[in-house]
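A quick write-up on the structure given underneath.
In the text below, chain A, chain B and the rest are named by the order of the sequence lines, each starting its count at 1.
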Number of protein chains: 2
Amino acid sequence: MADNDTSKLSAALEDYLEAILNLSAERGVARSRGIADTLGVARSSVTRALRSLADRGLVNYEPYGIVTLTDDGLRIAETVARRHEIIQSFFVNVLGVEKDIAQKGACEAAHALGPAIIDRLMGFIEFVNDSHKNGDDLVGRFRQFCKNRPAAKDKTPSKATRRKATKTLAHAKPGQKVRLTSINAGQKLRSRLAALGLVPNVEITVVSTGRPGPFMINVKGSKIALGKPMVDKIIVE
Amino acid sequence: MADNDTSKLSAALEDYLEAILNLSAERGVARSRGIADTLGVARSSVTRALRSLADRGLVNYEPYGIVTLTDDGLRIAETVARRHEIIQSFFVNVLGVEKDIAQKGACEAAHALGPAIIDRLMGFIEFVNDSHKNGDDLVGRFRQFCKNRPAAKDKTPSKATRRKATKTLAHAKPGQKVRLTSINAGQKLRSRLAALGLVPNVEITVVSTGRPGPFMINVKGSKIALGKPMVDKIIVE
DNA sequence: TTGAAAAGTTAGCCGAGACTAACTATATTA
DNA sequence: TAATATAGTTAGTCTCGGCTAACTTTTCAA
Ligand SMILES: [Mn+2]
Ligand SMILES: [Mn+2]
Ligand SMILES: [Mn+2]
Ligand SMILES: [Mn+2]
């Protein structure tokens, strides 16, 4: 009988429920083979998932039988399917994303976004539709807006890039002067380097960056050759 | 040295990179302990993740050392962080979702949404801001719109619910007449039930639904008692 | 009715990613 | 400088969710 459904379901198991719901609607019945095909997994994986779902009281299942959702299972399946639909609708109908891509992204995102966000998102879609009825073609304006500006690239630097990233000696160019911040290594290596003058706050002048040849630096008048692994461990500013 | 980064990174490893980027920016340096605290995992989990990332050439790491991102790692970390920021910004600044919830959802969704969707989403945020400058307070209008309608619930039935779900005998109420569609069981059980008159298309009248007592049905004049497991296997319409 | 073909299950393997407990290296401080 | 506290690693375990190969059950058609 229906077991406890304390812990939240994994994305994978939610997908099984969603697949069962869809198959039931489309073909009238959900069988193991159909689920495997829908999700692109091996038939044996389905068997195991069904046992797991049955243990949680979410499907009626027994070996060689067809699969139906219990009331609990139906509730979850509908919630997931609905989230998927809403997110996908936003991607396609508002953002104008290509259907296949939207489908894939929405199916995954559906497991990550809870009621608070989904409700708002649905409200927003309604708002957009409502605006349209009132003569304001928001989506059309957005499309137009997109045309009039150089398509932003996913790689465009943003706040993230503006944050200073830790620089190692490897990032320095020949001729550049840098100050040693710290050495990313154990004390034995650190003391070995200290003997060469490589201590915190010392000024380093990069002589050559070692392609080809060794990475050469100048520290207080003496030239030092460093190996690549070493170069990555020396933090500078 | 930098290994091949053929296969796409898992969400978990992307989170490690993101955490390292953030720690480097906030504290100047990323150490194992800080990563563990940020992500809420055990220190030993961090050790393993760092080894894995180092193998892929995404971080400079060696035991007991501090951690820095390689150029490849930095690129990925920034991409993930930026997706996170854009999605979160949409949730908070457009949809008006509470910060903590938006943060959590965005961090997860960031791994699921690729450039095609993210680019559009960022464009949309810009569009909204742009509209605002031109005197159209879209967000304000949306907030107003939300107030003027009964808050939609995540459980509201939608297309998903409108699809007919498979009904079992368990869903029937006392006195109800239903037609048997199929029996979710192997042939031996099916023939046993067939002997009782339970064959496809036969009409079943529900007598009592068995709380307490057995589930009783009337088939062609004869009363039959069914156990709960059986009731779940009989598909009707 | 019987013998494939198809559907489904079992058994065993694997990698990812978490955990705890115990150990080791490093840092701190008296 | 030695003792202790903290940080980090190692070893071993677990669950999840894939997979293949081999077997069994059910279906279907001759
Ligand atoms: Mn889906
Ligand atoms: Mn999904
Ligand atoms: Mn994030
Ligand atoms: Mn994340």
Side-chain angles (χ1 to χ4, degrees), chain A residues 6-20 23 27 29-56 59-67 108 111 182-192 194 200 233, chain B residues 6-20 23 27 29-56 58-59 61-67 108 111 182-192 194 200 233:
Chain A
T6 315
S7 55
K8 254 217 296 295
L9 222 49
S10 69
L13 289 187
E14 285 186 350
D15 278 341
Y16 280 99
L17 291 181
E18 196 185 2
I20 293 166
L23 286 170
R27 308 189 192 176
V29 74
R31 294 202 314 262
S32 189
R33 181 67 201 269
I35 299 170
D37 290 347
T38 304
L39 297 180
V41 300
R43 298 191 318 281
S44 59
S45 302
V46 177
T47 299
R48 196 144 49 118
L50 290 177
R51 250 203 306 266
S52 174
L53 290 170
D55 285 349
R56 294 162 208 244
V59 300
N60 302 122
Y61 161 76
E62 68 183 39
Y64 301 102
I66 68 174
V67 186
E108 286 190 57
H111 310 289
S182 65
I183 295 173
N184 168 8
Q187 64 179 182
K188 63 189 181 309
L189 178 55
R190 276 214 314 282
S191 56
R192 191 142 60 80
K233 295 187 189 72
Chain B
T6 316
S7 55
K8 254 217 295 297
L9 223 48
S10 67
L13 289 186
E14 285 185 351
D15 278 340
Y16 280 100
L17 291 181
E18 196 185 2
I20 294 166
L23 285 169
R27 307 190 191 174
V29 75
R31 292 200 315 261
S32 189
R33 181 65 201 269
I35 299 170
D37 291 346
T38 304
L39 297 181
V41 300
R43 294 181 336 268
S44 60
S45 302
V46 177
T47 300
R48 193 143 52 117
L50 289 177
R51 249 202 306 267
S52 173
L53 290 170
D55 285 348
R56 294 161 208 246
L58 301 176
V59 300
Y61 161 76
E62 70 182 37
Y64 301 101
I66 68 175
V67 187
E108 286 190 57
H111 310 289
S182 64
I183 296 174
N184 167 9
Q187 61 179 183
K188 64 187 179 312
L189 179 55
R190 274 213 316 283
S191 56
R192 190 143 59 80
K233 296 189 187 73

Note to self: Counting primed atoms plus P, OP1 and OP2 as sugar-phosphate and everything else as base, spell out the protein contacts along nucleotides 8-20 of chain C at 4.0 Å heavy-atom distance: B, S or - for each nucleotide, 5' to 3'.
What the structure shows: BBBB-----BBBB

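When Asn60(A), Val59(A), Leu53(A) are each tested for a side chain to side chain contact (heavy atoms under 4.5 Å, CB included) with Val67(A), only one passes: Val59(A).
Residue Leu23(B) comes nearest to Ala30(B) through the heavy atom pair CB-CB, 4.0 Å, listed as atom of the first residue, atom of the second, then distance.
Here the CG-CD distance, from Asp15(B) to Glu108(B), works out to 8.5 Å after rounding to the nearest 0.5 Å. For the atom pair NE2 (His111(A)) and CD (Glu18(A)), the distance works out to 6.0 Å, reported to the nearest 0.5 Å. Ile66(B) CD1 to Ile20(B) CD1: the interatomic distance, rounded to the nearest 0.5 Å, is 11.0 Å.
The side chain to side chain donor-acceptor pair (under 3.5 Å) pairs that include a residue from residues 35-49 of chain B are Arg33(B)-Asp37(B), where partners are two or more places apart or lie in different chains.
Separating the CD1 atom of Ile183(A) from the C1' atom of dT26(C) is a distance of 16 Å, rounded to the nearest angstrom. If you measure from atom CD1 of Ile35(A) to atom P of dG18(D), you get 13 Å, rounded to the nearest angstrom. Arg27(B) has its CZ atom 11 Å from the P atom of dA7(D), to the nearest Å.
Fit an axis to the five pairs at each end of the helix from dT1(C)-dA30(D) to dA30(C)-dT1(D) and the two axes sit 0° apart, to the nearest 10 degrees.
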Margin query: Working note: Glu14(A) + Leu17(A), criterion side-chain contact (heavy atoms from CB on, under 4.5 Å); need CA distance, chi angles, decisive distance, verdict.
Written below: CA-CA 5 Å; Glu14(A) 285 186 350; Leu17(A) 291 181; 5.6 Å; no

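Here the side chains of Tyr16(B) and Val46(B) are in contact, with some heavy-atom distance below 4.5 Å.
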